[in-house]
Peer 1: 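What follows is a single structure, and I will ask about it in a moment.
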Amino acid sequence: MKRVGEVKSSNYLLTKFQDLVDWAVNSSRANSLWPMPFGTACCAIEFMATAASRFDFARFGMERQAFSPRQADVLICAGRLPFKLAPVIRRIYDQMPQPKWVISMGACASTGGVFDNYAMVQGIDTIVPVDVYVPGCPPRPEGLLYGILLLHKKIKGESLFDAVKRREEQPLDDKGLRLPPETIDEISEPFGNSVHQFRSS
Amino acid sequence: MTSSSPVPGALRTEVARDGETIVFLAADRLLEAMTWLKETPGQEFDYLVDVTAVEFRDRERPLEVVYFLRSLKRRADIRIKVELPATAELAVDSVWSLWRGADWLEREVFDMFGITFRGHPDLRRILMWETYAEGYPLRKSFPLRGRFSRAEQVRQALNVNPEANYSLEELSIAEAAGDLPDDMRERLRRGERGVIPEPPTAA
Amino acid sequence: MSKRTVELELATPGVDAEGRPARVPLTATGEPKLAEEHMLVNIGPQHPATHGVLRLVVELDGETVVRCIPHLGYLHSGFEKLGEYRHYNQIIPLTDRTDYLSPMSNNVGFALAAEKLMGIEITPRCTVLRVIACEMSRIISHMVWLGTTSIDLGAFTPFLWAFQERERIYDLQEMWTGARLTTSLTRVGGLLADIPDGFVDKLRHFTETFPKTLGEIDRVLTRNAVWAGRTQGVGALTAAEAINYSLSGPMLRASGVAYDVRKDKPYLGYETYDFDVIVGEHGDVFDRYLVRLEECHQSNRILQQALDRLPDGPINVDDPRVILPSKTRAMSDMEAMIFHFKQVMEGVKAPVGEAYVGIENPKGELGTYLVSDGTAKPVRWRIRPPSFINLSALPRMAEGHLLSDLIAINASVDIVMGEVDR
């Protein structure tokens, strides 16, 4: 049935060219992420469980795990990150080509977790920028999958044409830090129970 | 082990709460006693279970280096302790020559407590990186969160070269560490770059 | 660095002073560069075949390993320091995170040491449940080992099978403790909780069906030419060397030393269970694989026996100074509330002294050494880390093998970096 003067039809779509490109590129990016598993501790075991047959994150386009940072676009830091490992994750991050994203899996990677002590980085966001934090100690595979889906959402909302939104490479400053020292001190402050842990007897 | 311990250099014996015999040895006779324990028929403690150290909260008490020995043949255990006063030099003889298993265990004690093992072939830090400048973590005087601010810790950590110990020259020198002049050995002990990161100025 | 001289067996005819033909040997003036140069290869800390964040610097002559230097500490988390600031019961969640492949038996190891220090006798039901926890842990730990090692050596399918079995044990752990991985099962003097309804049936079903998977793994790997070729005669250690390097667990037994803490220094009544200590013959990677595979069968046997004998009764000791009163009692009974308050605020105090308890963990002898000065927090909490000590023999085992064998040898140690670096 035709009506004279009808402008809108379900058979075509008006959009900006930029949006079309963004949609096409970002959907492709989001739906075939190549994860680089930076598995250090307990979370790596849950990461492996997520990759194995029951949970199988290949269903979300992550079929190919890249064990080389140069062929990866999402760094999944699974597990705690001691200071000794800090330069390593920074180098791995630097070696990844843009665009790249980081998932911080678990309490230790996100905040230092129970390890508020001399050895542990209090959150990998003091070393590299993080897109998605997955809480849990360790997160269940479902939790990690949810984090991955959140990352998909984030990627689909990005734009190729907006230079502000597209995160630039964040090199270390002359002190070798990513953030100002005051900021690092602030986000590394003890919280929760670890405030009281100084009584040693 | 009988209660009248014939171990050479034994100062006194105690019984731990788990029923094990603890023999306290004079530090200078450690190696002799260990050799005796390993090789004397009837003792034959051929298996080194663990080496560790204890520092008490009471700062007056000496540090203890603890050796757990086992005789696989006799299925018997013994615990050996050497007391080191915190004021004196923290050094004992290495038992590396008797048990290869002592290699990393002694390195760990050195790393965590700063106790030197004389005669150890490769006494470097094992868990912390070699330019780690905050001290020995398991000492009671070491604060739980470390000595430096978090920002300073991050800065020092990021400035460590992740490719340390990655040249043949350096490895060869490290192997011959015993024959090197003191300054060079010191430099190697601190790390391949020879630079200890500057501690922060007093805030 | 070793320099080699190269002798060339070339000679050229010449004439001597009297004009007779003579053969003058030729010597090479310069040394060929290729033979002289050793190559360094860095493996890790981020490498899928190092089972964590281990870093190996390997000096190679061609493809042969001349020297292998492990660098550790990339996962050093300060457990032992942290333990000095925690009550005994607060340390138990930390023990999950040392050897995170077998969290339950770590919990048990710590609880046994704390109980020995305090002189607590646990109840019969708790003892059997802890045996079940230990053996479940052994199975899942060996399953990870099998899965990852088979991936390292090029077989992907056993990984999936092994992880399916792990998921079944994870389900059981989740039923019991509410967590898949970080179980925090034990408390000083008892357990977090009794097993829920249906647990026994589900575990029994597991013990009946698990040997089938083991049989499949055995069929795929044991007589597989590739598997045997990559593992037999690789990384062999004699019994004397294994003892001298203080190895423990399957590493020690694969070299022919029949030492098993469960048999030789029994805890949790292991002497009353009927199981065999599996001993290898050659001490190579293949024997370690066989030992671990067969230990899974033995663990399965122990699990079945434990299920058969599981007694009724309380899981916690009847001592209000050690075990928290129930929430109902703490809210209604003044005395119980005081005990609750004292335990939460002050913790369980241990008498002055020290105790060491070694248990047979999947990786080897996990020792827990506790020193107390009479307060509620230990002066020293030392973990004897089996995989750290086992790993210290890696340079010795890798010498003279090919680089690709190094991967197999490293895998055979069954390291877990959380425990190596602590």
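All heavy atoms count here, side chains included; hydrogens, waters and symmetry mates do not. Below, chain A is the first sequence line, B the second, and so on; all start at residue 1.
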Peer 1: Report the option among B:Glu20, B:Glu55, B:Lys81 that has the most heavy-atom pairs separated by less than 4.5 Å from atoms of chain C.
Peer 2: B:Lys81
Peer 1: Could you grab the distance from atom CG of B:Leu127 to atom OH of C:Tyr74, nearest 0.5 Å is fine?
Peer 2: 11.5 Å
Peer 1: Can you tell if the side chain of B:Arg79 reaches within under 4.5 Å of the side chain of C:Tyr369, non-hydrogen atoms only?
Peer 2: yes
Peer 1: Contact part of B:Asp103 toward chain C, heavy-atom cut-off under 4.5 Å: side chain, backbone, both or neither?
Peer 2: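 No part of it gets close to chain C.
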Peer 1: How close do C:Lys81 and B:Leu144 get, counting heavy atoms only, and between which atoms?
Peer 2: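 For C:Lys81 and B:Leu144, the tightest heavy-atom pair comes out as CG-CD1, 3.6 Å.
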Peer 1: Using 0.5 Å steps for rounding, measure from the CE atom of B:Met128 to the CG atom of C:Asp421.
Peer 2: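 Going from CE on B:Met128 over to CG on C:Asp421, the span is 10.5 Å.
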Peer 1: Salt-bridge test for B:Arg57 and C:Glu84: reply yes if a basic N is under 4.0 Å from a carboxylate O, no otherwise.
Peer 2: no
Peer 1: Run the side chain to side chain contact (heavy atoms under 4.5 Å, CB included) test on B:Lys140 and C:Arg380 for me, step by step, so that the C-alpha distance in whole Å, both residues' side-chain angles and the decisive distance to 0.1 Å come before the verdict.
Peer 2: CA-CA 10 Å; B:Lys140 287 287 186 272; C:Arg380 179 93 170 92; 5.8 Å; no
Peer 1: So, do C:Glu354 and B:Val54 sit near enough that their side-chain heavy atoms are less than 4.5 Å apart?
Peer 2: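 When only atoms from C-beta onward are counted, B:Val54 and C:Glu354 do not touch, as no gap falls below 4.5 Å.
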Peer 1: Within a radius of less than 6.0 Å around CZ of B:Arg118, do more than 12 heavy atoms belonging to other residues, nucleotides or ligands occur?
Peer 2: yes
Peer 1: Heavy-atom cut-off 4.5 Å, strictly under: side chain, backbone, both or neither for B:Leu98 against chain C?
Peer 2: backbone
Peer 1: One pair to check against side chain to side chain contact (heavy atoms under 4.5 Å, CB included): B:Asp77 and C:Lys265. What are the steps and the verdict?
Peer 2: CA-CA 10 Å; B:Asp77 284 17; C:Lys265 240 189 154 190; 3.1 Å; yes
Peer 1: Given the options C:Gly358, C:Pro351, C:Ser372, C:Pro385, which has more heavy-atom pairs under 4.5 Å with chain B than any of the others?
Peer 2: C:Pro351
Peer 1: Counting only non-hydrogen atoms closer than 4.5 Å, can you tell me which residues of residues 84-92 of chain B sit against chain C?
Peer 2: none
Peer 1: Could you measure the distance from the CG atom of C:Asp264 to the CZ atom of B:Arg75? Nearest 0.5 Å is fine.
Peer 2: 3.5 Å
Peer 1: So what's closer than 4.5 Å to chain B heavy atoms on C:Val379: side chain, backbone, both or neither?
Peer 2: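 For C:Val379, the contact with chain B is made by backbone and side chain together.
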Peer 1: Within a radius of less than 6.0 Å around CD of C:Glu121, do more than 12 heavy atoms belonging to other residues, nucleotides or ligands occur?
Peer 2: no
Peer 1: Where does B:Ala102 contact chain C at under 4.5 Å (heavy atoms): side chain, backbone, both or neither?
Peer 2: neither
Peer 1: For chain B, find its close neighbours in residues 389-400 of chain C: heavy-atom separation under 4.5 Å, sorted by number, or none.
Peer 2: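 Interface residues of residues 389-400 of chain C: C:Ile389, C:Leu391, C:Ser392.
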Peer 1: Under 4.5 Å from any heavy atom of chain C, what part of B:Arg107 do you find: side chain, backbone, both or neither?
Peer 2: neither
Peer 1: What residues form a ring-ring contact (aromatic ring centres under 6.0 Å, His included) with C:Tyr267, not counting sequence neighbours?
Peer 2: C:Tyr270
Peer 1: Can you check whether C:His71 reaches B:Arg124 side chain to side chain, under 4.5 Å on heavy atoms?
Peer 2: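 Yes, at least one pair of side-chain atoms sits under 4.5 Å.
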Peer 1: Relative to each other, are the rings of B:Phe68 and C:Tyr356 parallel, tilted or perpendicular (30° and 60° limits)?
Peer 2: tilted
Peer 1: If you take all heavy atoms of C:Tyr85 and B:Phe142, which pair is closest and at what distance?
Peer 2: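 Minimum heavy-atom contact is OH-O, 4.2 Å.
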Peer 1: Given heavy-atom pairs under 4.5 angstrom as the criterion, report whether the side chain, backbone, both or neither of C:Val257 touches chain B.
Peer 2: side chain
Peer 1: May I have the list of side-chain donor-acceptor pairs in residues 242-254 of chain C shorter than 3.5 Å, sequence neighbours left out?
Peer 2:
unit_1	atom_1	unit_2	atom_2	d
C:Asn244	OD1	B:Arg100	N	3.4
C:Ser246	OG	B:Leu48	O	2.6
C:Ser248	OG	C:Glu365	N	3.0
C:Ser248	OG	C:Arg384	NH1	3.3
C:Arg253	NE	C:Glu295	OE2	3.1
C:Arg253	NH1	C:Tyr259	O	3.1
C:Arg253	NH1	C:Glu360	OE2	3.0
C:Arg253	NH2	C:Glu295	OE2	2.4
C:Arg253	NH2	C:Glu360	OE2	3.1

Peer 1: Should C:Lys116 and B:Asp18 count as an ion pair when the cut-off is N to O under 4.0 Å?
Peer 2: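 So C:Lys116 does not pair with B:Asp18 through a salt bridge.
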Peer 1: Can you say whether B:Val49 sits under 4.5 Å from chain C via the side chain, the backbone, both, or neither, judging by heavy atoms?
Peer 2: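 B:Val49 touches chain C through backbone and side-chain heavy atoms alike.
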